[in-house]
Amino acid sequence: MALLEVRDLHKRFGGLRAVDGVDLVVEAGERRAVIGPNGAGKTTLFNLITGHYRPDAGTVLFDGRDITGAPTHEVARAGIGRAFQITSIFPGLTVHENVQLGIIARQGESRRMVGRAEGLHADEVTAVLEDVGLSPLARETAGNLSHGDQRALELAISVAMEPKLLLLDEPTAGMAPAETRRTMELVRRIADERELTVLFCEHDMEVVFGTADRVLVMHQGRPLVDGTPDEVRTHPEVRRVYLGEEEL
């Protein structure tokens with residue numbers, strides 16, 4: 001069953017057609033990748049799905065509901081979580097408090113200040129941090145974490161929102177090979193354990209082909225190929241677009 005359906009989505013910025021007629025279907029439980037050269041429209045597509053941009057035309061359906069152009073908080077509460085290309089955490093708060101804020105937001109308790117809510121949802125915070133391997137760092141200030149641990153924390157915050165669909169925008173950007181392997185092992189494990197559907201964009205083709213069930217290739221805002229990793233890897237147009245950029 002389709003969890004997410006994107007139908008003929010369009011977004012222009014002046015004369016630039018950032019997303020130009022994209023269709024995408026993500027089945028429940030699927031790991032779906034979106035790839036393409038820089039400027040292909042991947043992040044814009046994610047921004048349209050999550051309500052950061054309003055499309056010029058087209059439809060976004062999630063879990064049978066039309067969320068086209070809905071505000072970001074409504075999209076999040078509908079069940080879509082997102083981790084950004086640039087790590088999005090609260091660096092001055094502890095690891096525990098970062099995850100606690102995610103739970104507070106999910107429960108609609110955002111008027112409570114963290115300092116006044118010490119101990120609130122403590123068991124759930126602990127469980128989420130154990131899931132992502134950060135429980136030993138619960139009292140550490142988030143800004144002091146390594147890059148890989150900050151990405152794990154961002155994943156923890158997203159998981160705390162209890163999404164049905166998790167969007168990851170270049171989850172391994174800036175990571176060394178060992179960190180990349182650990183991060184994607186974590187993503188796959190969390191997705192399996194929590195029965196999450198995952199939609200991600202990524203430049204590392206080893207990550208893409210080792211994780212995705214299906215891959216959408218975008219080029220200049222338009223869909224180029226949509227298929228299995230093997231179909232995408234051997235497609236002549238994909239190889240042409242990536243020539244000199246990626247080895248597929």
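At least one side-chain heavy atom of Asn38 sits under 4.5 Å from a side-chain heavy atom of His203.
In terms of heavy atoms, Glu30 sits closest to Glu27 at OE1-N, 2.8 Å. The shortest non-hydrogen separation linking Cys201 to Asp169 is SG-OD1, 3.0 Å. Contact between Ala152 and Leu186 at its shortest, heavy atoms only, is CB-CD2, 3.9 Å. The minimum heavy-atom distance linking Pro171 with Thr183 is given by the pair O-CG2, 4.0 Å. Closest non-hydrogen pair, Thr211 versus Arg188, comes out as OG1-NH1, 2.7 Å. For the pair Val241 and Pro37, the tightest heavy-atom approach, listed with the atom from each and the gap, is CG1-CG, 3.3 Å.
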From CA spacing to verdict: side-chain contact (heavy atoms from CB on, under 4.5 Å), Phe200, Val208: CA-CA 9 Å; Phe200 68 101; Val208 171; 4.3 Å; yes
Step-by-step side-chain contact (heavy atoms from CB on, under 4.5 Å) determination, Ile80 to Ile67: CA-CA 11 Å; Ile80 298 180; Ile67 61 167; 3.8 Å; yes
side-chain contact (heavy atoms from CB on, under 4.5 Å) between Leu3 and Val26, worked out: CA-CA 6 Å; Leu3 181 64; Val26 182; 5.6 Å; no
Check against side-chain contact (heavy atoms from CB on, under 4.5 Å), Leu134 and Val99: CA-CA 11 Å; Leu134 290 179; Val99 177; over 6 Å; no
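Within 6.0 Å of CD on Glu195 lie no more than 12 heavy atoms contributed by other residues, nucleotides or ligands. The environment of CD in Glu74 is crowded: more than 12 heavy-atom neighbours from other residues, nucleotides or ligands sit within 6.0 Å.
Hydrophobic clustering of Ile, Leu, Val, Met, Phe, Trp and Tyr side chains at less than 4.5 Å, counting indirect connections, unites Val187 with Phe209. Two different hydrophobic clusters hold Met161 and Leu129 under the rule that ILVMFWY side chains link at heavy-atom gaps under 4.5 Å. Residues Val232 and Leu224 share a hydrophobic cluster, clusters being chains of Ile/Leu/Val/Met/Phe/Trp/Tyr side chains in contact below 4.5 Å. Put simply, Val207 and Val217 are part of the same group of oily side chains (I, L, V, M, F, W, Y) that touch within less than 4.5 Å, one to the next. When the side chains of ILVMFWY residues are joined at heavy-atom separations under 4.5 Å, either directly or via intervening members, Leu165 and Val25 end up in two distinct hydrophobic clusters.
Side-chain N/O atoms of Thr68 and Asp66 include a donor and acceptor closer than 3.5 Å. Defined by atom type and a distance below 3.5 Å, a donor-acceptor pair is present between the side-chain atoms of Thr50 and His52.
In this structure, OG1 on Thr172 lies 11.5 Å from CZ on Arg181, to the nearest 0.5 angstrom. Atom CG in Asp204 sits 11.0 Å away from atom CD1 in Ile35 (nearest 0.5 Å). Atom CD in Glu140 sits 6.0 Å away from atom CG in Leu145 (nearest 0.5 Å). Here the CD atom belonging to Glu154 is positioned 9.0 Å from the CD atom belonging to Gln150, to the nearest 0.5 angstrom. Between atom CD of residue Glu162 and atom CG of residue Leu196 there is a gap of 10.0 Å, rounded to the nearest 0.5 Å. Note that OG1 of Thr197 is 10.5 Å distant from CG of Leu167, once rounded to the nearest 0.5 Å.
The cationic atom of Arg82 (NZ for Lys, CZ for Arg) does not lie both less than 6.0 Å from the six-membered ring centre of Phe46 and within 45° of the ring axis.
When atom types are taken as modelled, the side chain of Thr94 and the backbone of Glu97 share a donor-acceptor pair closer than 3.5 angstrom. Counting only distance, with no hydrogens or angles, the side chain of Thr72 and the backbone of Gly51 share no donor-acceptor pair below 3.5 Å. In this structure, Ser146 contributes its side chain and Asp149 its backbone to a donor-acceptor pair below 3.5 Å. A donor-acceptor pair is defined here as one N or O able to donate and one able to accept, closer than 3.5 Å; no such pair exists between the side chain of Glu170 and the backbone of Glu202. Checking side-chain atoms of Arg189 against main-chain N and O of Asp131 turns up a donor-acceptor pair under 3.5 Å. Not a single donor-acceptor pair under 3.5 Å links the side chain of Lys42 to the backbone N or O of Met218.
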Residues 11-24, side-chain donor-acceptor partners within the protein, below 3.5 Å, at least two apart:
| from | atom 1 | to | atom 2 | distance (Å) |
| --- | --- | --- | --- | --- |
| Lys11 | NZ | Arg54 | O | 3.0 |
| Asp20 | OD1 | His10 | ND1 | 3.4 |
| Asp20 | OD2 | Arg222 | NH1 | 3.4 |
| Asp23 | OD1 | Asp8 | N | 2.6 |

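Applying the salt bridge (Lys or Arg N to Asp or Glu O under 4.0 Å) rule to Glu130 yields no partners; only residues at least two apart in sequence or on another chain are considered.
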